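Count residues from 1 along the sequence. All ligand and atom numbering here is 1-based and tracks the order in the structure. Just so it is clear, the structure is predicted and the values come from calculations on it, not from any experiment. Below, all heavy atoms of this structure are taken into account, side chains as well, without hydrogens, waters or symmetry copies.
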Amino acid sequence: MTESPIRVGVLGARGRMGATVVQAVEGAEDLRLVAALDAGEDLAGLGDAQVVVDFTHPDAVMGSLRHLIGHGVHAVVGTTGFTEQRLAELRGLLAAKPELGVLIAPNFALGAVLAMRFATQAARFYPSAEVVELHHNRKADAPSGTAAHTARMIGAARAEAGLAPGPDATTSEVDGARGAEIDGVRVHSVRLPGLVAHEEIMFGGEGETLTIRHDSIDRSSFMPGVLLGVRTVVSRPGLTVGLENVLDL
Ligand SMILES: NC(=O)C1=CN([C@@H]2O[C@H](COP(=O)(O)OP(=O)(O)OC[C@H]3O[C@@H](n4cnc5c(N)ncnc54)[C@H](O)[C@@H]3O)[C@@H](O)[C@H]2O)C=CC1
Ligand SMILES: O=C(O)C1=N[C@H](C(=O)O)C[C@H](O)C1
């Protein structure tokens, strides 16, 4: 017997990512696009969507998630800006809806997820690491959600191995010259037209460096991960953070 298609709504549908998601959902036989909303449109327009994909703005996403959870709609979220405080609030809301799933992924591209995994593996061998993320100049936030997530993963892997961040004798002559510091890892943001989404994770050790680099050269790179998220979130209750938890890595 053929299963009914999953009914999908998209928030941020006129944006760079949202428009790409709309196309990807329309092209998938097992999914049916039932709503495509953008800023200013009433969330009631999501109709009978079972799963909503959100690629909007860090300032907007929590309001939408409160609505979705309150109405029993699963969510797949690519929007950035998730702090521990925000995640704790979502866990609290989901506790009252044990059947509901929310997947938040800082990056839906397979290569980016693998790069973070490889960086986590390398972290315990290298006390010194820096992350450089490079994006298009219309990006709303800095550093990227991916870079922040990567830095936290490196910090956690180091802490687990009992490794302190390596020495750094440099004094900054200009504010920001050494980037931002997240969990003991320096993070640098580049914004240029022509770029899409790129990340380098650099490790330094005795007489050597190791660089792990990922490039999304087209937004289609995020679509297999987004569609996988839509297909799995309906049977994955609770809050999942990171596509690595869904992929069989
Ligand atoms: N997790 C991932 O793999 C990826 C995440 N992103 C993130 O996704 C977000 C969106 O990125 P882009 O598509 O490049 O931005 P964009 O600015 O092109 O699109 C955002 C869209 O959301 C709309 N919007 C804003 N508030 C809204 C609301 N309350 N309800 C409905 N729509 C609303 C805007 O009008 C706009 O059309 C950013 O946070 C970005 O960092 C982007 C690419 C990949
Ligand atoms: O805004 C973007 O473009 C991207 N945002 C996400 C992030 O901040 O990490 C994912 C990817 O880097 C593209």
Side-chain angles (χ1 to χ4, degrees), residues 9-24 35-46 49 52-68 73 75-83 86 102-116 119 131-153 180 182 187-201 213-230 233 240-247:
V10 177
L11 285 177
R14 285 199 292 274
R16 284 174 288 268
M17 282 299 291
T20 316
V21 173
V22 164
Q23 280 183 358
L37 303 184
D38 205 274
E41 293 178 299
D42 193 336
L43 292 180
L46 290 169
V52 163
V53 180
D54 186 302
F55 281 94
T56 57
H57 190 280
D59 294 344
V61 65
M62 284 302 284
S64 303
L65 282 174
R66 287 182 198 113
H67 173 97
L68 296 174
V73 183
V76 172
V77 182
T79 307
T80 45
F82 283 91
T83 56
R86 286 182 168 202
V102 172
L103 167 66
I104 298 173
N107 202 309
F108 279 98
L110 173 63
V113 178
L114 287 171
M116 286 188 269
V131 177
V132 182
E133 55 94 341
L134 310 92
H135 282 82
H136 58 95
N137 59 335
R138 293 182 182 276
K139 181 164 175 55
D141 54 337
S144 72
T146 309
H149 195 62
T150 307
R152 288 190 201 106
M153 287 169 89
I182 300 176
V187 178
H188 311 265
S189 299
V190 177
R191 295 290 175 266
L192 288 172
L195 294 173
V196 179
H198 318 260
E199 183 178 54
E200 276 191 14
I201 307 134
R213 180 171 171 120
H214 174 257
D215 298 277
S216 272
I217 54 175
D218 190 282
R219 289 185 178 81
S220 59
S221 61
F222 303 112
M223 293 306 115
V226 172
L227 298 189
L228 175 68
V230 170
V233 77
T240 305
V241 181
L243 194 66
E244 62 275 16
N245 297 301
V246 175
L247 293 165

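Not counting sequence neighbours, the partners of Asn107 by the side chain to side chain donor-acceptor pair (under 3.5 Å) test are Thr146. Residues passing the ring-ring contact (aromatic ring centres under 6.0 Å, His included) test with His136: none are found, sequence neighbours excluded.
Residues with a heavy atom under 4.0 Å from ligand 1: Gly12, Arg14, Gly15, Arg16, Met17, Asp38, Ala39, Phe55, Thr56, Ala60, Gly78, Thr79, Thr80, Ala105, Pro106, Asn107, Phe108, Lys139, Phe222.
The 12-atom threshold is exceeded at CG of Leu192, counting heavy atoms of other residues, nucleotides or ligands nearer than 6.0 Å.
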Go ahead and list the nitrogen or oxygen contacts between ligand 2 and the protein that come in under 3.5 Å, distances to 0.1 Å, or just say none.
from	atom 1	to	atom 2	distance (Å)
ligand 2	1 (O)	Lys139	NZ	2.9
ligand 2	3 (O)	His136	NE2	3.0
ligand 2	5 (N)	Lys139	NZ	3.1
ligand 2	8 (O)	Lys139	NZ	2.7
ligand 2	8 (O)	Gly145	N	2.8
ligand 2	9 (O)	Gly145	N	3.2
ligand 2	9 (O)	Thr146	N	2.7
ligand 2	9 (O)	Thr146	OG1	2.4
ligand 2	12 (O)	His135	NE2	2.6

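Rounded to the nearest 0.5 Å, atoms CG (Asp42) and CG (Leu37) are 8.5 Å apart. Going from atom OG of Ser216 over to atom CD of Glu199 covers 10.5 Å, rounded to the nearest 0.5 Å.
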*Derivation of the salt bridge (Lys or Arg N to Asp or Glu O under 4.0 Å) call for Lys139 and Glu133*: CA-CA 12 Å; Lys139 181 164 175 55; Glu133 55 94 341; over 6 Å; no
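Between the side chains of Thr240 and Asn245, no donor N or O sits under 3.5 Å from an acceptor N or O.
The closest donor-acceptor contact from the side chain of Thr79 to the backbone of Asp54 lies under 3.5 Å. Remark: side-chain polar atoms of Glu41 are paired, donor with acceptor, to backbone N or O of Asp38 under 3.5 angstrom.
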